[in-house]
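Read through the structure below, which is laid out as structure tokens, and then see the notes.
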Amino acid sequence: MNPLDLITTHPLALPDLLALFLLFAAWLGIGWFTERPPAGRPSVSVLMTRFRREWMHQFVARDPRIFDGNILASLREGTAFFASACMIATGGLLALIGNAERLRGIAAELEFNPTANTGWELRLLVTMFFIVNAFLKFVWAHRLFGYCAVLMASVPNDPNHPDATDRAMQAGDLNITAARSFNAGLRSVYFALGSLGWLAGSWGLMAGTAIVLWVTWRREFASTSRRVILRSLPPPVLSDLDAVQASRPRPPQP
């Protein structure tokens, strides 16, 4: 049975539709709010962008640069680990979807009683959606960290070289973009876990969504790590290409 057959043969009840809407609204909403927080209350993800750019400033003058290479290698290892874990989870979910009878037996022992109109397979497809999305985000983050490594390697060893700072800032912007993709993958993993609450019914899905939303918000806006980061922030730097363009002399006007 393909996913389209599951959707057409298992129409969702109104509570299930409402729970699904809340799940995806929370997922999209917290992602948008994390990357675009109010100016007076930045998220951990936004605060770390300053430190990533400061890293590139220090990188220009650091000699040797083995330390920076080790940090970037650890970042790539983290993305590779999560991407591998998502592949394993996707395979496990596909196996469960193909053997839903066994899952029904386990659920019966736990006294879960889903309605006949909503199949277990469809519920697992929602979880698999988040896992696959996380896999794609982690793979892209891994590739962007690789691009960042190449740009860092192209930074001249002389900190007074006219291209040194510009290329370091390019690497910093790629590093920030990779981190955004990595954070988006982590959020998808969180909400994949929350979506498993649907196995206990629509109320279970709503509860799982609420728990994951609270945990995600707290880690970005009310965690101990955020208070530590706020103790001493690097000075703000012009974002993206603005700093590069400002540092270059203007061409002569005709």
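- Atom CZ in Phe138 sits 7.5 Å away from atom OG in Ser188 (nearest 0.5 Å).
- One finds the CE atom of Met206 at 9.5 Å from the CG atom of Leu20 (value rounded to the nearest 0.5 Å).
- Using a 4.5 Å cut-off on side-chain heavy atoms (C-beta onward), Leu233 and Phe51 make contact.
- Distance check, rounded to the nearest 0.5 Å: CG of Asp163 to CG of Asp158 gives 11.0 Å.
- Atom CD1 of Ile131 is separated from atom OG1 of Thr127 by 7.5 Å, given to the nearest 0.5 angstrom.
- Side-chain atoms of Arg123 do not come within 3.5 Å of backbone N or O of Ser195 as any donor-acceptor pair.
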> Should Trp27 and Val212 be marked as a side chain to side chain contact (heavy atoms under 4.5 Å, CB included) after you check the CA-CA gap, both sets of side-chain angles, and the distance that decides it?
Replying inline: CA-CA 9 Å; Trp27 173 56; Val212 170; over 6 Å; no
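- Heavy atoms from other residues, nucleotides or ligands lying under 6.0 Å from CZ of Arg65 number more than 12.
- Two residues are said to be in side-chain contact when any heavy atoms from C-beta on lie closer than 4.5 Å; Asp63 and Asn157 fail this criterion.
- Within 6.0 Å of the CZ atom in Arg62, the count of heavy atoms belonging to other residues, nucleotides or ligands exceeds 12.
- Considering Leu144, Asn70, Asn175 as possible partners of Leu75, the one that fulfils the side chain to side chain contact (heavy atoms under 4.5 Å, CB included) test is Asn175.
- A distance of 6.0 Å or more separates the ring centres of Phe129 and Phe191.
- Residue Leu205 comes nearest to Gly194 through the heavy atom pair CD1-O, 4.0 Å, listed as atom of the first residue, atom of the second, then distance.
- When all heavy atoms are compared, the tightest approach of Pro159 to Ala164 is O-CB, 4.1 Å.
- Closest non-hydrogen pair, Ser181 versus Ala141, comes out as OG-N, 3.7 Å.
- Side-chain heavy atoms closer than 4.5 Å link hydrophobic residues (I, L, V, M, F, W, Y) into clusters, and following such links, possibly through other members, connects Tyr190 to Phe130.
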> Do Arg227 and Thr224 pass the side chain to side chain donor-acceptor pair (under 3.5 Å) test, and can you show the C-alpha distance, the side-chain angles, and the key distance before you say yes or no?
Replying inline: CA-CA 5 Å; Arg227 291 194 294 271; Thr224 302; 3.1 Å; yes
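- Between the side chains of Thr79 and Arg76, no donor N or O sits under 3.5 Å from an acceptor N or O.
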>> side chain to side chain contact (heavy atoms under 4.5 Å, CB included) for Phe135 and Val139? Distances and angles first, verdict last.
In response: CA-CA 6 Å; Phe135 169 76; Val139 169; 3.6 Å; yes
>> Could you go through Thr177 and Arg180, starting from their C-alpha distance and side-chain angles, then the distance that decides it, and tell me whether this counts as side chain to side chain contact (heavy atoms under 4.5 Å, CB included)?
In response: CA-CA 5 Å; Thr177 305; Arg180 287 197 188 105; 4.3 Å; yes
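- Here the straight-line distance linking atom CE of Met169 with atom CG of Leu174 works out to 12.0 Å at 0.5 Å rounding.
- Residues Met56 and Gln170 have side chains not in contact (no heavy-atom distance under 4.5 Å, counting atoms from C-beta outward).
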> Please walk me through it: do Phe59 and Val155 pass side chain to side chain contact (heavy atoms under 4.5 Å, CB included)?
Replying inline: CA-CA 9 Å; Phe59 166 76; Val155 176; 3.7 Å; yes
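- Remark: Met87 CE is loosely packed, at most 12 non-hydrogen atoms of other residues, nucleotides or ligands lying under 6.0 Å away.
- The same ILVMFWY cluster, assembled from side-chain heavy atoms under 4.5 Å apart, contains both Leu28 and Ile30.
- Only one option out of Arg53, His57, Glu54 pairs with Pro234 in a side chain to side chain contact (heavy atoms under 4.5 Å, CB included); it is Glu54.
- Note on Leu23: it clusters hydrophobically with Phe33, by side-chain heavy-atom contacts below 4.5 Å among ILVMFWY residues.
- There is a path of hydrophobic side-chain contacts, each under 4.5 Å, that joins Trp55 to Phe145.
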Can you list, pair by pair, the side-chain donor-acceptor contacts under 3.5 Å of residues 37-46, counting residues two or more places apart and other chains?
| unit_1 | atom_1 | unit_2 | atom_2 | d |
| --- | --- | --- | --- | --- |
| Arg41 | NH2 | Phe221 | O | 2.6 |
| Ser43 | OG | Thr34 | O | 2.7 |
| Ser43 | OG | Val46 | N | 3.3 |
| Ser45 | OG | Asn183 | ND2 | 3.3 |
| Ser45 | OG | Glu220 | OE1 | 3.2 |
| Ser45 | OG | Glu220 | OE2 | 3.0 |

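- Phe24 and Trp217 fall within a single hydrophobic cluster, where Ile, Leu, Val, Met, Phe, Trp and Tyr are joined by side-chain heavy atoms under 4.5 Å apart, directly or via other members.
- Within the 4.5 Å cutoff, side-chain heavy atoms of Asp16 are placed close to those of Trp198.
- Within a 6.0 Å sphere centred on CZ of Phe67, other residues, nucleotides and ligands contribute 12 heavy atoms or fewer.
- Residue Arg219 holds its CZ atom at 9.0 Å from OG of Ser225, rounded to the nearest 0.5 Å.
- Heavy-atom minimum distance, Ile71 versus Ser74: O-OG, 2.5 Å.
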